[in-house]
Amino acid sequence: MSTPIKHSFNALIVRKSDDSGINSWRDLKGKKAAGEAGTGYQRLSQQLGAKLVNYDNVSNDVYMRDVASGKTDYIMNDYYLQKLALAAAPNSGLKIKKGMYFTTNEDGKGEGIVMNKKDKKLQKQVNDELAKLKKNGTLSRLAKKYYGADVTKKPHVHIDKHFTIQSKYDGR
């Protein structure tokens, strides 16, 4: 992986009308979590006692429609990706649940460009170019344009909880 070019945290999408009945982490128990089977988000939801509603290769609008209709109660995902999904569907009846931002042991130190780990020459070239783009402000400008925030820097938000995701997953 290249040097990190995006830093984020995680959040929940819920219904605007009633917060999907979620006001604390304890409230996830028994709720229906929308997600792709086996992801860290679904493993964490299972760990917190939610009922999993697993999807296979669907677009955000399907997840969001099901939360809005009550088929599911929430979606866990990267905050900035959730923000983009909501911006694309401003009349969805959904929102990001404030006060329940979180990180996990699987978040790492930021996101970068994935490449063959054996190709050290390519990694150096990519990192050198990224350093130039960071220094001249291009990465920051692109981040603000597409994410609405400078995701090249660690976010300054209150993280409510840090979770250690257990590796056990049974898909329920």
Side-chain angles (χ1 to χ4, degrees), residues 1-16 19-20 22-25 28 33-36 38-45 48 55 57-65 67-68 73-117 119-165:
M1 182 148 337
S2 72
T3 56
I5 57 174
K6 179 179 178 250
H7 298 276
S8 191
F9 54 98
N10 306 296
L12 306 175
I13 283 184
V14 297
R15 287 183 293 281
K16 275 184 188 177
D19 288 348
S20 299
I22 299 169
N23 297 301
S24 73
W25 296 107
L28 297 184
E36 187 172 340
T39 63
Y41 298 117
Q42 286 299 77
R43 290 178 15 243
L44 178 57
S45 289
L48 296 173
Y55 296 79
N57 199 26
V58 298
S59 56
N60 277 344
D61 62 313
V62 175
Y63 289 109
M64 293 170 63
R65 181 189 65 227
V67 173
D73 296 304
Y74 69 91
I75 306 162
M76 277 187 180
N77 208 328
D78 173 272
Y79 172 82
Y80 294 107
L81 297 180
Q82 302 262 46
K83 192 174 160 188
L84 290 171
L86 291 174
N91 298 316
S92 65
L94 303 174
K95 68 177 185 176
I96 293 175
K97 177 69 178 161
K98 292 186 179 176
M100 291 184 71
Y101 300 144
F102 66 100
T103 56
T104 77
N105 59 306
E106 296 184 357
D107 289 339
K109 295 179 177 147
E111 298 173 29
I113 299 169
V114 178
M115 63 193 91
N116 185 332
K117 66 181 176 181
D119 195 341
K120 299 298 180 188
K121 182 180 177 186
L122 176 62
Q123 185 180 31
K124 181 178 178 351
Q125 290 173 325
V126 169
N127 285 341
D128 289 348
E129 291 303 313
L130 289 174
K132 290 177 193 173
L133 293 172
K134 191 167 189 174
K135 186 175 182 178
N136 73 21
T138 299
L139 283 181
S140 179
R141 282 192 303 278
L142 288 171
K144 289 174 185 173
K145 179 178 179 179
Y146 292 104
Y147 288 106
D150 188 354
V151 299
T152 66
K153 298 175 182 165
K154 292 185 180 183
H156 296 288
V157 298
H158 175 73
I159 302 300
D160 185 61
K161 191 91 168 158
H162 178 79
F163 292 102
T164 299
I165 300 175

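The analysis underlying the following values was restricted to heavy atoms, covering all of them including side chains, and did not include hydrogens, waters or symmetry mates.
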Given L142, L130, L133, T152, the one that forms side-chain contact (heavy atoms from CB on, under 4.5 Å) with I5: L130
Pairwise side-chain contact, Y147 with S8, heavy-atom cut-off 4.5 Å (strictly under): no
Side-chain heavy atoms of I13 within contact of L86, under 4.5 Å: yes
Within residues 134-156 or reaching into it, pairs that qualify as salt bridge (charged side-chain N to carboxylate O under 4.0 Å, His left out) - sequence neighbours excluded: D150-K153
For R65, all residues meeting salt bridge (Lys or Arg N to Asp or Glu O under 4.0 Å), sequence neighbours excluded: none
Closest contact, heavy atoms only, M115 versus M1: CE-C, 4.3 Å
E106 CD to T39 OG1 distance, which is reported to the nearest 0.5 Å: 9.5 Å
M64 side, atom CE; S59 side, atom OG - distance, nearest 0.5 Å: 10.0 Å
Value rounded to 0.5 Å, distance of CD1 in I113 from CD in Q123: 11.0 Å
Polar side chain donor-acceptor pair, N10 to Y41, under 3.5 angstrom: yes
Residue pairs involving residues 91-115 (criterion ring-ring contact (aromatic ring centres under 6.0 Å, His included); sequence neighbours excluded): F9-Y101, W25-F102, Y79-Y101, F102-F163
Verdict with reasoning, M76 to L48, per side chain to side chain contact (heavy atoms under 4.5 Å, CB included): CA-CA 12 Å; M76 277 187 180; L48 296 173; 4.2 Å; yes
Salt bridge (charged side-chain N to carboxylate O under 4.0 Å, His left out): pairs with one or both residues in residues 2-15, sequence neighbours excluded: K6-D78, K6-E111, R15-D18, R15-D73
Got a list of side-chain donor-acceptor pairs under 3.5 Å for residues 90-98, not counting sequence neighbours?
unit_1	atom_1	unit_2	atom_2	d
S92	OG	A89	O	3.2
S92	OG	L94	N	3.2
K95	NZ	D19	OD1	2.6
K97	NZ	D19	OD2	2.9
K97	NZ	I22	O	3.4

Heavy-atom pair with the smallest gap, counting every atom of N105 and H162: N-CE1, 3.6 Å
Inter-residue atom distance N60.CG - L84.CG, 0.5 Å rounding: 9.5 Å
H7 vs V151 side-chain heavy atoms within contact, under 4.5 Å: no
Spacing of L28 atom CG and L44 atom CG [to the nearest 0.5 Å]: 8.0 Å
Nearest heavy atoms of G99 and D160, plus distance in Å: O-CG, 3.4 Å
With sequence neighbours excluded, residues passing salt bridge (Lys or Arg N to Asp or Glu O under 4.0 Å) with D128: K124
